[in-house]
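One structure below.
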Amino acid sequence: ECEVPVVAAVNGFCVGGGMTMLFSTDIRVASEHATFGLAEVKRGIIAGNGGTQRTLQQLPWCIGMEMLLTGDFIDAQTAQAQGLVNRVVAAPSLDVELDKLVTAILQKPQTAVRMGKAMLYRQREMGLEAAYQLAGQTMALNMMDADAQEGAQAFAEKRLPAWRHQS
C-alpha cells in the first residue's frame, strides 16, 4: 500500500522472514554473494506472514513450490534467472547500482510513477477485462496531468521533457 516504489538491496542471506520482506518490495538488486531461501520446512513449519502466498504469486509455480517444500537455498544468479531479483552486481558496487536505479525512478514524473504503481498492484487482483478497464481509467486521469502533457509535447518537439512533479 506504499504509494512510492520500494527498492531492496540484498547483500548476504535473505531467508525466512527476510524473504517475506523481500516479497513486499517492487524492485530488487542483489550482490553476487546473496543467498535466498525459505527454510521453514526444515524446522517443521511452513512459511508465515504471507510467505506462501507471495512466493507463489511472484515466482513461477514450480520454482516457488520447490523453495517452499525443500527449504533449499539459491544463489543470486539463480534468483535472477528465476525472476526473484532484477539484477545481480558485484558487492562493492551494490550501493552505487541501487542509487542509479532510485535516481532513474526519481527523475520521472512522480504522478505517473505513483499512479502506475497503484494501478499495477490493483490489476494483480483482477481478471483481464477488469484490468483493461482500470488501465483505461487510470490512463485517462493520468493524461490530464501537466507532466503527461509535457511528455507528449516534448516527444512531438523532439526534446527532453521538463517535468514539473519530480522528486
Side-chain angles (χ1 to χ4, degrees), residues 1-91 93-95 97-106 108-142 167:
E1 294 183 22
C2 180
E3 68 178 21
V4 297
V6 178
V7 181
V10 180
N11 189 17
F13 284 93
C14 182
V15 299
M19 280 283 288
T20 302
M21 288 177 61
L22 185 70
F23 284 132
S24 67
T25 65
D26 301 311
I27 302 171
R28 305 157 189 161
V29 181
S31 77
E32 64 212 348
H33 304 296
T35 301
F36 302 85
L38 294 156
E40 289 89 341
V41 71
K42 291 181 177 181
R43 310 294 179 270
I45 58 176
I46 58 175
N49 299 317
T52 55
Q53 297 86 351
R54 289 179 174 163
T55 300
L56 296 176
Q57 182 183 57
Q58 295 185 28
L59 293 173
W61 181 268
C62 59
I63 301 298
M65 290 293 284
E66 182 177 350
M67 290 185 80
L68 288 164
L69 299 178
T70 67
D72 292 343
F73 292 171
I74 59 172
D75 62 23
Q77 292 74 21
T78 303
Q80 182 181 24
Q82 294 175 345
L84 180 60
V85 299
N86 297 76
R87 55 184 83 149
V88 176
V89 301
S93 64
L94 183 61
D95 290 338
E97 291 300 317
L98 193 67
D99 286 345
K100 285 183 193 175
L101 182 58
V102 169
T103 299
I105 294 168
L106 291 174
K108 305 305 180 286
Q110 294 305 294
T111 301
V113 170
R114 287 183 174 104
M115 288 179 84
K117 177 180 173 175
M119 179 190 66
L120 294 169
Y121 271 86
R122 286 186 59 205
Q123 283 182 350
R124 288 180 11 173
E125 309 300 323
M126 299 177 169
L128 189 58
E129 184 62 34
Y132 278 137
Q133 289 177 2
L134 176 64
Q137 293 165 355
T138 304
M139 288 178 66
L141 286 172
N142 181 226
S167 287

*Please round to the nearest 0.5 Å and tell me the distance separating atom CG of L56 and atom CE of M67.*
11.0 Å
*Flag the pair L84 / L22 as yes when at least one side-chain heavy-atom distance between them is below 4.5 Å, and no otherwise.*
yes
_Distance, nearest 0.5 Å, that separates CZ of R87 from OG of S31_ = 14.5 Å
*F73 to A39 - nearest heavy-atom pair and separation*: CE2-CB, 3.7 Å
*Could you tell me the separation between the CG atom of D75 and the NE2 atom of H33, rounded to the nearest 0.5 Å?*
11.5 Å
*Point-to-point distance, once rounded to the nearest 0.5 Å, from CD1 of I63 to CE of M65*: 12.0 Å
_Is any side-chain heavy atom of E32 closer than 4.5 Å to one of Q77?_
yes
*Can you tell me how far CE of M119 sits from CG of L141, rounded to the nearest 0.5 angstrom?*
11.5 Å
*Show the numbers, then the answer: is there a side chain to side chain contact (heavy atoms under 4.5 Å, CB included) between K117 and V4?*
CA-CA 7 Å; K117 177 180 173 175; V4 297; 5.9 Å; no
*Are the side chains of P5 and V113 in touch, meaning some heavy atoms are under 4.5 Å apart?*
yes
_Minimum side-chain heavy-atom gap T55-M19 below 4.5 Å_ = no
*For residues Q82 and L59, report the shortest heavy-atom separation together with the two atoms involved.*
O-CD2, 3.7 Å
*Salt-bridge present (E40, R43; N to O < 4.0 Å)*: no
_For T35 versus V15, what's the shortest heavy-atom pair and its separation?_
O-CG1, 4.4 Å
*Mind checking whether L68 and I46 have side chains closer than 4.5 Å, heavy atoms only?*
no
*asked:* Distance check, rounded to the nearest 0.5 Å: L38 atom CG versus T70 atom OG1?
replied: 9.0 Å
*Within a reach of under 6.0 Å around CE of M115, are more than 12 heavy atoms found that belong to other residues, nucleotides or ligands?*
yes
_Validation row: N49, F23 side chains within 4.5 angstrom (heavy atoms)_ = no
_Closest non-hydrogen atom pair between L134 and M126, with its separation_ = CD2-CE, 3.6 Å
_Sequence neighbours excluded - side-chain hydrogen bond (donor to acceptor under 3.5 Å, both in side chains) pairs with any residue from residues 122-139_ = Q57-R124
*Listed by chain and number, what are the side chain to side chain contact (heavy atoms under 4.5 Å, CB included) partners of N86, not counting sequence neighbours?*
I27, R28
_Using modelled atom types and a 3.5 Å cut-off, is there a donor and acceptor pairing between side-chain atoms of E97 and backbone atoms of A30?_
no
*What closest approach, in Å, do A76 and V88 show between heavy atoms, and which atom pair accounts for it?*
O-CG2, 3.4 Å
